[in-house]
Amino acid sequence: MSDLLTHALAAFVVATVASWVVPWLARRHVPLATAGAVAPDLAKGAFVTGDTQATVVGVTGSWYALQTVGVVTCLLVAGVVLVERAERRVALAALLGGTGLHVAMDYLVIRAGGVAPPYLYPLTWAELPSLDVYLSSSIWPSLVALPVAVLVWYVDRRGLAPGADSTAPDRTDGDRAN
Amino acid sequence: MERPLVRLLMVVCCLVAAGWLAVDYTAQADDRGTYPSDRVLAAEFEAHHGEHVFVWIDVTAVTSDGVSGTFGSEDTAVTVTDIDTGTNVNAGDELQVYGTARSDHRIDAERVVVSHGENRTYMFVASAAAALWALGFFLLYWRFNLARGVLTPRTGGGGEP
């Protein structure tokens, strides 16, 4: 994983830009994409407990399972059930999109062993090659993501995005609602 | 309109599925990995003599003999040798080590990657800040309607914050 700030900002940027071109994706769905990007980092609970495994009512599970697509998807679907029915499809798409972006970015992390953990479990146990772009602790990814996110936020808020009505900077939800 | 009980059951089913997958993952991960897991390696380091291993080490000391540190939840001690002399590593750093396990709790490194202590501090601080921002950002656009038991957008008459 890269640091959570980079994950969250990347999801914000991608979801915001997507909301400019995807008619059913509104501004209110961007925080859901961000939440989806945060979800796999529940695995960081291992840093808090000091162990990669935790036992609850006699059942032992790995914190690292929380960064796999299978477990995260189950948790996101559970969350989506709590969302108003009319919003569920888009909410699920935004959440899964954020998580997918998180997992994709995790394959960019430098790993001395050359392979990433089996993030795609239970689809496959394959440990795909790591692409060795940055470390989880590298500072530069967030230093790149932050100004890009600010720029996208500014463009979005000022109504400067392609197709946006520049005379209505506080664009309403209705023009992009599903 | 959905019954609350139906929605509750759906949530429980999803959480049970997540739990089952987590337990299954835990049961199989040690056997499925490309390299022995920390847990397996800590339990029987000698048994993996001559094998390729990959571990994350908390560096405790750097000496002429190599880099000393610990790995795993049991803080198993290990010494890493054959590290390039130009490698900038210090106590408090975290070291990814790929190499060959030797019987005396030693790893002959073939590749190491250093995460410096101050960068790791940044990672934790930035991550905590991001979690708070994501939560605030979410609550800016969504609220929980207690009466209906659902998350609803704060869009009111169509405007967004």
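Proteins come first, then strands; the chains are lettered A, B, ... in the order of their sequence lines, and each starts at number 1. Only a predicted model underlies this, so the values are computations on that prediction, with no experimental measurement involved.
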Would you say B:Trp142's side chain and A:Arg28's backbone share a donor-acceptor pair under 3.5 angstrom?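 Answer holds: yes.
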
SB check A:Arg27 A:Asp156 (cutoff 4.0 Å):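 A:Asp156 and A:Arg27: salt-bridged.
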
Please look at A:Gln53 and chain B and tell me whether the side chain, the backbone, both or neither of the residue comes under 4.5 angstrom of a heavy atom of that chain.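 Contact with chain B is through both the backbone and side chain of A:Gln53.
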
Counting only N and O atoms by type, is there a donor-acceptor contact under 3.5 Å from the side chain of B:Arg154 to the main-chain atoms of B:Leu139?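 Such a contact is found between B:Arg154 side chain and B:Leu139 backbone.
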
Please flag which part of B:Val114 lies under 4.5 Å from any non-hydrogen atom of chain A: side chain, backbone, both or neither.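 It is the backbone, since no side chain atom gets that close.
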
Could you check which of A:Ala37, A:Ala78, A:Gly70 has the highest count of heavy-atom pairs closer than 4.5 Å to chain B?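 Heavy-atom pair counts peak at A:Ala78.
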
Residue B:Ala129 versus chain A: region with a heavy atom under 4.5 Å: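 Looking at B:Ala129, nothing touches chain A.
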
Looking at chain B, which one of A:Leu75, A:Thr52, A:Thr60 has the largest number of heavy-atom pairs inside 4.5 Å, strictly under?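 Heavy-atom pair counts peak at A:Thr60.
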
Please state whether the side chain, the backbone, both or neither of A:Val77 comes within less than 4.5 Å of a heavy atom of chain B.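 Both backbone and side chain of A:Val77 come within 4.5 Å of chain B.
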
Answer with side chain, backbone, both or neither: which region of A:Val80 has an atom nearer than 4.5 Å to a non-hydrogen atom of chain B?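 Interface part for A:Val80: neither.
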
Any donor-acceptor pair under 3.5 Å from B:Arg111 side chain to A:Gly114 backbone: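 Here the side-chain-to-backbone pair does not exist.
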
Contacting moiety of A:Thr68, where chain B heavy atoms sit under 4.5 Å: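 Interface part for A:Thr68: side chain.
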
Could you check which of B:Thr34, B:Thr152, B:Val11, B:Asp38 has the highest count of heavy-atom pairs closer than 4.5 Å to chain A?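 Between B:Thr34, B:Thr152, B:Val11, B:Asp38, the count favours B:Thr34.
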
Carboxylate-amine/guanidinium contact B:Asp104 B:Arg102, below 4.0 Å: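 Judged by the 4.0 Å cut-off on N to carboxylate O distance, B:Asp104 and B:Arg102 do not form a salt bridge.
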
If you count heavy-atom pairs under 4.5 Å with chain B, which of A:Ala112, A:Ala46, A:Gly61 comes out on top?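 Going by pairs under 4.5 Å, I would pick A:Ala112.
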
Among B:Arg120, B:Gln96, B:Glu74, which residue forms the greatest number of heavy-atom pairs with chain A at distances under 4.5 Å?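 Ranked by contacts with chain A, first place is B:Gln96.
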
Would the distance check show the side chain of B:Asp93 and the main-chain N or O of B:Gly117 forming a donor-acceptor pair, the cut-off being under 3.5 Å?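 Yes, B:Asp93 side chain to B:Gly117 backbone: donor-acceptor pair under 3.5 Å.
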
What part of B:Asp24 lies closer than 4.5 angstrom to a heavy atom of chain A: side chain, backbone, both or neither?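 For B:Asp24, heavy atoms of backbone and side chain both lie under 4.5 Å from chain A.
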
Whether the side chain of A:Asp41 engages the backbone of A:Lys44 through a donor-acceptor N/O pair (distance < 3.5 Å, no angle test) should be reported.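 Absent.
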
Minimum heavy-atom separation for A:Pro31 and B:Tyr141, please, with both atom names.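 Closest pair (atom of A:Pro31, atom of B:Tyr141, distance): CG-CD1, 3.5 Å.
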
Tell me, side chain or backbone of B:Gln28 under 4.5 Å from chain A's heavy atoms, or both, or neither?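 Both parts, backbone and side chain.
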
State, to 0.1 Å, how close B:His105 and B:Ala77 come at their nearest heavy-atom pair, and which atoms those are.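 B:His105 and B:Ala77 have their closest heavy atoms at ND1-O, 2.8 Å.
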
Passing option when B:Tyr98 is tested against B:Trp56, B:Phe54, B:Tyr35 for ring pair (Phe, Tyr, Trp, His ring centres under 6.0 Å):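 It is B:Tyr35; the other options fail the test.
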
Do side-chain atoms of B:Thr87 reach the backbone of B:Val89 as a donor and acceptor pair under 3.5 angstrom?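 Checked: no pair found.
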
Part of A:Tyr64 within contact of chain B (heavy atom distance under 4.5 Å):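 Both the backbone and the side chain of A:Tyr64 come within 4.5 Å of chain B.
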
As a quick check of understanding, evaluate side chain to side chain contact (heavy atoms under 4.5 Å, CB included) for B:Val78 and B:Phe45, giving each step before the final call. CA-CA 10 Å; B:Val78 68; B:Phe45 197 97; 4.1 Å; yes

Pairs of heavy atoms under 4.5 Å with chain B: top-ranked of A:Ala11, A:Gly50, A:Gly113: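 Most heavy-atom pairs under 4.5 Å with chain B: A:Gly113.
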
Checking heavy atoms, do the side chain of B:Tyr122, its backbone, both or neither come under 4.5 Å from chain A?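 Just its side chain gets close to chain A.
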
Chain B interface, residue from A:Val71, A:Ile139, A:Val38 that has the most non-hydrogen pairs under 4.5 Å: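 It is A:Ile139.
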
Segment of B:Ala29 engaging chain A (4.5 angstrom heavy-atom cut-off):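 Contact with chain A is through both the backbone and side chain of B:Ala29.
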
With a 4.5 Å cut-off on heavy-atom pairs, point out which of B:Arg39, B:Met10, B:His52, B:Glu110 contacts chain A the most.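 With the most close heavy-atom pairs to chain A, the winner is B:Arg39.
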
By a 4.5 Å heavy-atom criterion (distance strictly below it), what part of A:Val83 contacts chain B: side chain, backbone, both, or neither?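 Backbone plus side chain of A:Val83, per the 4.5 Å heavy-atom cut-off to chain B.
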
